[in-house]
Number of protein chains: 2
Amino acid sequence: MKLKTKIGRPRAFDTDEALESALQVFWRKGYEGTSLTDLTEAMGINRPSLYSAFGNKEDLFRKALTRYAEGSVSFVRNALEAPTARGVAEKLLYGATEMMNDPRNPPGCLMVQGALSCSETAEPIRQELAARRAAGQAKIRERFERAKKEGDLPADANPADLARFVSTVMQGMSVQASGGATHAELRRVVQLALRVFPG
Amino acid sequence: MKLKTKIGRPRAFDTDEALESALQVFWRKGYEGTSLTDLTEAMGINRPSLYSAFGNKEDLFRKALTRYAEGSVSFVRNALEAPTARGVAEKLLYGATEMMNDPRNPPGCLMVQGALSCSETAEPIRQELAARRAAGQAKIRERFERAKKEGDLPADANPADLARFVSTVMQGMSVQASGGATHAELRRVVQLALRVFPG
DNA sequence: TGTTATCTGTACTGTTCGGTATTGAAAGTA
DNA sequence: TACTTTCAATACCGAACAGTACAGATAACA
């Protein structure tokens with residue numbers, strides 16, 4: 001669908017780079033805190049170029065969010081493949097500390113920082129973020145259910161509760177990082193959280 | 001200073017009720033997501049009345065925040081007086097579950113939901129919230145330091161880390177509540193978090 | 001070398017934002 | 001009753017918001 005005839009004036013900017021710049025701005029300021037002027041300045045393009053390449057502000061945010069999920073958050077996929085439930089939790093939580101304190105990016109997690117509370121007009125974005133968080137948590141729960149079947153988690157363990165616990169800690173870490181918590185501080189939080197897991 | 005002569009037309013609205021209404025709106029929509037129109041409609045007063053009684057939007061938010069800290073968050077003060085570190089953690093975390101799921105209020109915690117990410121103009125509010133969260137965490141740390149001296153926490157315990165852990169879980173719970181987590185679900189998260197505390 | 005399709009840049013749209021000038025109403029004081 | 005003080009309500013301000021019309025520029029195609 002991008003393979004149409006190449007007739008006409010070619011695009012003068014790299015859409016991938018522009019999307020990455022937009023992602024950075026949304027990550028730092030949140031959906032509502034970001035203006036189109038913020039975006040066009042960071043992306044180095046004009047408004048009509050932005051609209052023709054990405055649709056409107058909401059479309060652009062969703063595209064940036066997808067890029068984020070497939071980029072910075074890809075560590076989650078690997079974490080879920082760890083051999084034990086404790087290993088999964090370790091990789092998730094330590095992975096989160098690195099992601100949320102990467103000096104190349106704003107602190108915290110876009111799925112938390114993007115739109116926790118907002119006006120009615122941004123409500124669809126808020127819900128999209130909540131749905132993505134819930135989907136991630138469900139993936140963790142499924143992994144823990146498997147771990148329980150495999151005897152890797154004790155028989156009295158509750159996979160849903162453990163998944164929610166891990167999610168809650170990661171989301172709290174986003175708030176902490178946004179408030180200036182250092183990488184070392186978050187790692188010590190993770191060490192404590194991991195006491196909940198056998199192994 | 002409110003006891004000046006009562007000359008002149010008296011105020012036609014209850015400032016306390018109006019402030020409570022403003023708090024509810026800020027709590028639900030966040031600082032930037034709330035417009036002056038949202039506020040005046042909820043408070044049942046006109047703009048000039050709002051400005052004369054509360055100053056500008058930022059002043060009003062700070063007043064609402066103080067009301068919040070002295071009202072809904074007052075359970076923290078009681079929690080810190082529990083006899084043991086574990087008791088403190090229990091009261092903090094279970095208190096948070098009730099506060100964040102009180103059907104009379106929006107879900108979550110205003111100090112988290114108010115302004116996690118925002119534009120430059122709201123940056124002072126963002127920092128105020130971060131400072132208040134840090135102050136609360138410091139209070140918990142001091143309480144845990146005392147517990148360690150009293151032998152109530154083991155000698156190898158790190159009060160600062162434990163305080164950050166409890167804060168992190170509470171902040172994560174705010175995100176969870178904002179996403180629709182139920183009271184029972186949050187209570188089970190708390191049960192897991194409390195495994196970190198001896199007793 | 002035209003023609004056509006697409007992009008870029010300027011300048012603009014209507015709307016909403018936070019904040020205020022102004023006028024008239026309502027109370028206490030004399 | 002006349003006066004002073006304070007509040008309430010309308011109507012407005014300039015600025016910023018998301019989004020777009022339009023004209024000029026640049027490429028592939030015939």
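Per chain, numbering begins at 1; letters A, B, ... match sequence-line order.
With B:R164 as the partner, the side chain to side chain contact (heavy atoms under 4.5 Å, CB included) test is satisfied by one option alone out of B:T168, B:V166, B:L162: B:T168. For the side chain to side chain contact (heavy atoms under 4.5 Å, CB included) test with B:E145, the passing option among B:R143, B:R141, B:K148 is B:R141; the others fail.
Rounded to whole Å, atom P of C:dG9 lies 10 Å from atom CZ of A:F13. Nucleotide D:dA25 holds its C1' atom 16 Å from the CZ atom of A:R11, rounded to whole Å. The interatomic distance linking A:Y51 (OH) with C:dA11 (P) rounds to 19 Å, in whole Å. Protein atom CG of A:L36 is 14 Å distant from nucleotide atom C1' of C:dT16, rounded to whole Å. C:dG18 atom C1' lies 16 Å from atom CZ of B:F61, rounded to whole Å. One atom, CZ of B:R47, and another, P of D:dC12, lie 14 Å apart when rounded to the nearest Å. Across the protein-nucleic acid pair, B:L39 atom CG and C:dT16 atom P stand 17 Å apart, rounded to whole Å. Between A:D14 atom CG and C:dC7 atom C1' there is a gap of 15 Å when expressed in whole angstrom units.
The shortest distance between the side-chain N/O atoms of A:S49 and the OP1/OP2 oxygens of C:dT8 is below 4.0 Å. In this structure, B:S35 reaches the C:dC17 phosphate: one of its side-chain N or O atoms is under 4.0 Å from OP1 or OP2. Neither OP1 nor OP2 of C:dG18 sits under 4.0 Å from any side-chain N or O of B:N56.
Heavy-atom contacts from other residues, nucleotides or ligands closer than 6.0 Å to NZ of B:K139 number 12 or fewer. Within 6.0 Å of atom NZ in A:K91, 12 or fewer heavy atoms from other residues, nucleotides or ligands are found, so the atom counts as exposed in its surroundings.
Because its NZ or CZ atom is not both nearer than 6.0 Å to the ring centre of A:F26 and within 45° of the ring axis, A:K57 does not count as a cation-pi partner of that residue.
Nearest nucleotide to the B:P10 side chain, out of C:dC17, C:dA27, D:dG19: C:dA27. You'll find that the side chain of A:I7 is closest to C:dA5, out of C:dA5, D:dA8, C:dG19.
The residue among B:E32 and A:N46 whose nearest nucleotide of DNA chain C lies closer to the 5′ end is A:N46.
Across all strands, B:P48 comes closer than 4.0 Å to base atoms (heavy-atom distances). Looking at heavy-atom distances under 4.0 Å, B:T34 makes contact with sugar-phosphate atoms alone, never a base.
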